[in-house]
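Everything numeric in this text was worked out from a predicted model, so none of it was measured.
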Amino acid sequence: MKKKILACLLILFPIFSLGIAKADTVKSKYIIASDSSFAPFVFQNSNNEYTGIDMDLIKAIAKDQGFEIEITNPGFDAAISAVQAGQADGIIAGMSVTDARKATFDFSDSYYTANTILGVKESSTIASYEDLKDKTVGVKNGTASQTFLTENQSKYGYKIKTFSDGASMYDSLNTGAIDAVMDDEPVLKYSISQGQKLKTPITGTPIGETAFAVKKGSNPELIQMFNKGLANLKANGEFQKILDKYLASGAATTSTSTVDETTIWGLLQNNYKQLLSGLGITLALALISFAIAIVIGIIFGMFSVSPYKSLRLISEIFVDVIRGIPLMILAAFIFWGIPNFIESITGQQSPINDFVAGTIALSLNAAAYIAEIVRGGIQAVPVGQMEASRSLGISYGKTMRKIILPQATKLMLPNFVNQFVIALKDTTIVSAIGLVELFQTGKIIIARNYQSFKMYAILAIFYLVIITLLTRLAKRLEKRIR
Ligand code: GLN
């Protein structure tokens, strides 16, 4: 009987997967991933919308070819990972066509050509690569500029500092934390044209054509549509219009804001909607994951004081494993690692939503600590009580429920409140998978206006107020329960 079922499954599986693969070839909507700050190709305007050559181009092509798109802007490195993990169908992010990338991506026809070039502060004395000896050069992770820097590092003897986004890299250059940056020439030139006090002392090095890409072998129709659309836009002059919009003098800028974003008030006025939505995500993440963590944590906590050795062992392994893995790695593992693993086995892309992945990571993480809080609380109740109750013939379960847990809960409560505060702060860590919670929202805003001092101060106050309010509330609840 068992064998028959197995045989059936074996036959059915390929049929099912064939069916899915077919339906996949033309999608009702394509998810396109992009950079978060890479002006003039993609950047946020003062209305907090993503614009730029790439954004206009992909929208115009989708319109021309009649397909639906949804654009996400997690940053270059994360966008690349998203396409490789199947979370996105294509990437448009001023991406260079390099030989190494051709092994993992299929590229469209090119729509631009870029060099990589060194950028330094206007006042800097660096004038050649030789001058970089013992200096620190910043670069964005996963970029062609990074490859260039790594390849030439031993020759010139500089240090490399890697950034996940352009905004923090340029911020670090402005504050003097790094001595130079390596980035695409049009991007550096654009920021200089926007008034950034930078210069490019050395001529650039070609890194290849700029093109749209999909994961190698997947969504071939997307590349075809892109190429056809691009050709149409070139023929009817619309492509040139898009370029002119951002590159001609007096073109669209990153700071056309009517509100002055150099004051805290202006920043709040112009970004409150975005900040509130980020705050909403942060709260949802913290509350949902903490609720799940309490359930899992209590289960494992009870296991850890159980009279059965196997249950104690299971609990111990869970706590050790989760506590032993940094939260950021856990989140990355769930968001990128597991879909990648499933795909390598089944051949099917099975992306996981970033919010879900973040919630799972936070839940597991907090559950491990809560399990320990529960264990500690129960063990703090003198053993004599359990023994006395059992000797009166009362069952283990009943003693737990009626005698031990009511006392233990009181001991645990302050620790729960503490753990919740930690969980709320930990939400900032899962922003690493591109989740736009409060911290990421702030970073995106800074990417546009470079107001890092004021913006981080605003974020700090946001968290401070929320955490203070929530702890007050929790203390009140705690009192009531006592
Ligand atoms: N053109 C560079 C690359 O492809 C940088 C792209 C980017 O940072 N968005 O590596």
Side-chain angles (χ1 to χ4, degrees), residues 24-36 38-43 50-116 140 142-145 147 184-187 206-247 349 351:
D24 257 2
T25 47
V26 174
K27 299 187 175 168
S28 60
K29 191 199 241 166
Y30 290 92
I31 298 184
I32 309 295
S34 187
D35 207 332
S36 52
F38 199 56
F41 294 101
V42 42
F43 59 96
Y50 284 100
T51 50
I53 297 171
D54 285 4
M55 297 296 95
D56 287 8
L57 183 60
I58 190 72
K59 284 179 199 156
I61 288 177
K63 198 168 161 215
D64 181 80
Q65 294 292 304
F67 62 92
E68 288 287 314
I69 52 169
E70 182 189 324
I71 303 177
T72 64
N73 298 74
F76 185 67
D77 190 26
I80 286 212
S81 300
V83 172
Q84 286 303 329
Q87 267 120 8
D89 301 300
I91 169 170
I92 185 159
M95 183 175 177
S96 308
V97 184
T98 64
D99 284 337
R101 285 182 185 154
K102 280 187 193 155
T104 43
F105 289 97
D106 289 330
F107 286 97
S108 72
D109 295 340
S110 115
Y111 60 89
Y112 211 81
T113 316
N115 291 337
T116 179
K140 259 160 65 185
T143 59
S145 303
T147 313
D184 289 20
E185 187 163 349
V187 175
I207 42 171
E209 300 290 312
T210 306
F212 170 77
V214 296
K215 183 177 178 181
K216 198 171 180 62
S218 62
N219 304 307
E221 75 284 0
L222 199 49
I223 292 289
Q224 277 169 15
M225 292 190 289
F226 189 96
N227 288 343
K228 274 193 205 150
L230 181 63
N232 288 346
L233 298 183
K234 277 187 175 162
N236 67 21
E238 209 178 317
F239 178 68
Q240 193 56 46
K241 259 192 219 151
I242 294 177
L243 291 185
D244 290 346
K245 181 170 160 196
Y246 296 98
L247 299 177
Q349 294 198 332

Check your understanding: Between Thr147 and Thr98, is a side chain to side chain contact (heavy atoms under 4.5 Å, CB included) present by the stated rule, with each step listed?
Key -> CA-CA 10 Å; Thr147 313; Thr98 64; over 6 Å; no

[X] versus [Y], closest heavy-atom pair with distance:
{"X": "Asn73", "Y": "Asp35", "answer": "ND2-O, 3.0 Å"}
{"X": "Ala79", "Y": "Ser34", "answer": "CB-O, 3.8 Å"}
{"X": "Gly217", "Y": "Pro220", "answer": "O-CD, 4.3 Å"}
{"X": "Pro40", "Y": "Val187", "answer": "CD-CA, 4.1 Å"}
{"X": "Ala211", "Y": "Asp109", "answer": "CB-O, 3.8 Å"}
{"X": "Gly229", "Y": "Asp64", "answer": "CA-OD2, 3.5 Å"}

Is it true that a side-chain atom of [X] and a backbone atom of [Y] form a donor plus acceptor pair closer than 3.5 Å?
{"X": "Asp184", "Y": "Thr116", "answer": "no"}
{"X": "Gln84", "Y": "Thr104", "answer": "yes"}
{"X": "Asp54", "Y": "Gly94", "answer": "yes"}

In Å, rounded to the nearest 0.5 Å, how long is the span from [atom1] of [X] to [atom2] of [Y]?
{"X": "Phe226", "Y": "Gln65", "atom1": "CZ", "atom2": "CD", "result": "10.5 Å"}
{"X": "Thr51", "Y": "Lys245", "atom1": "OG1", "atom2": "NZ", "result": "7.0 Å"}
{"X": "Ile242", "Y": "Asp56", "atom1": "CD1", "atom2": "CG", "result": "5.0 Å"}
{"X": "Gln240", "Y": "Leu247", "atom1": "CD", "atom2": "CG", "result": "9.0 Å"}
{"X": "Lys59", "Y": "Ile92", "atom1": "NZ", "atom2": "CD1", "result": "11.0 Å"}
{"X": "Glu185", "Y": "Ser145", "atom1": "CD", "atom2": "OG", "result": "11.0 Å"}

Any side-chain heavy-atom pair of [X] and [Y] under 4.5 Å:
{"X": "Met95", "Y": "Phe105", "result": "yes"}
{"X": "Val97", "Y": "Lys102", "result": "yes"}
{"X": "Leu57", "Y": "Leu230", "result": "yes"}
{"X": "Asn219", "Y": "Tyr30", "result": "yes"}
{"X": "Ser110", "Y": "Thr210", "result": "no"}
{"X": "Gln224", "Y": "Asn227", "result": "no"}

Exercise for review: Answer yes or no: are there more than 12 heavy-atom neighbours, outside Lys234 itself, under 6.0 Å from its atom NZ?
Suggested key: yes

Check your understanding: Which word best sums up how the rings of Tyr111 and Phe239 line up, parallel for under 30°, tilted for 30 to 60°, or perpendicular for over 60°?
Key ->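 Judged by the thresholds at 30° and 60°, the geometry between Tyr111 and Phe239 is perpendicular.
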
Practice item. Before giving the answer on side chain to side chain contact (heavy atoms under 4.5 Å, CB included), spell out for Glu209 and Phe107 the whole-Å C-alpha distance, their side-chain angles and the decisive distance to 0.1 Å. Key: CA-CA 10 Å; Glu209 300 290 312; Phe107 286 97; over 6 Å; no

**Study point:** Chi angles and distances behind the side chain to side chain contact (heavy atoms under 4.5 Å, CB included) call for Val214, Asp89
**Key:** CA-CA 6 Å; Val214 296; Asp89 301 300; 5.9 Å; no

Check your understanding: Should Lys241 and Asp244 count as an ion pair when the cut-off is N to O under 4.0 Å?
Key -> no

**Study point:** Distance flag, aromatic centroids of Phe76 and Phe38, threshold under 6.0 Å
**Key:**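 Between Phe76 and Phe38, which both carry aromatic rings, the centre distance is not below 6.0 Å.
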
**Study point:** Among Lys215, Lys216, Arg101, the one residue meeting salt bridge (charged side-chain N to carboxylate O under 4.0 Å, His left out) with Asp106
**Key:**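 It is Lys216, the one option of Lys215, Lys216, Arg101 that forms the salt bridge (charged side-chain N to carboxylate O under 4.0 Å, His left out) with Asp106.
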
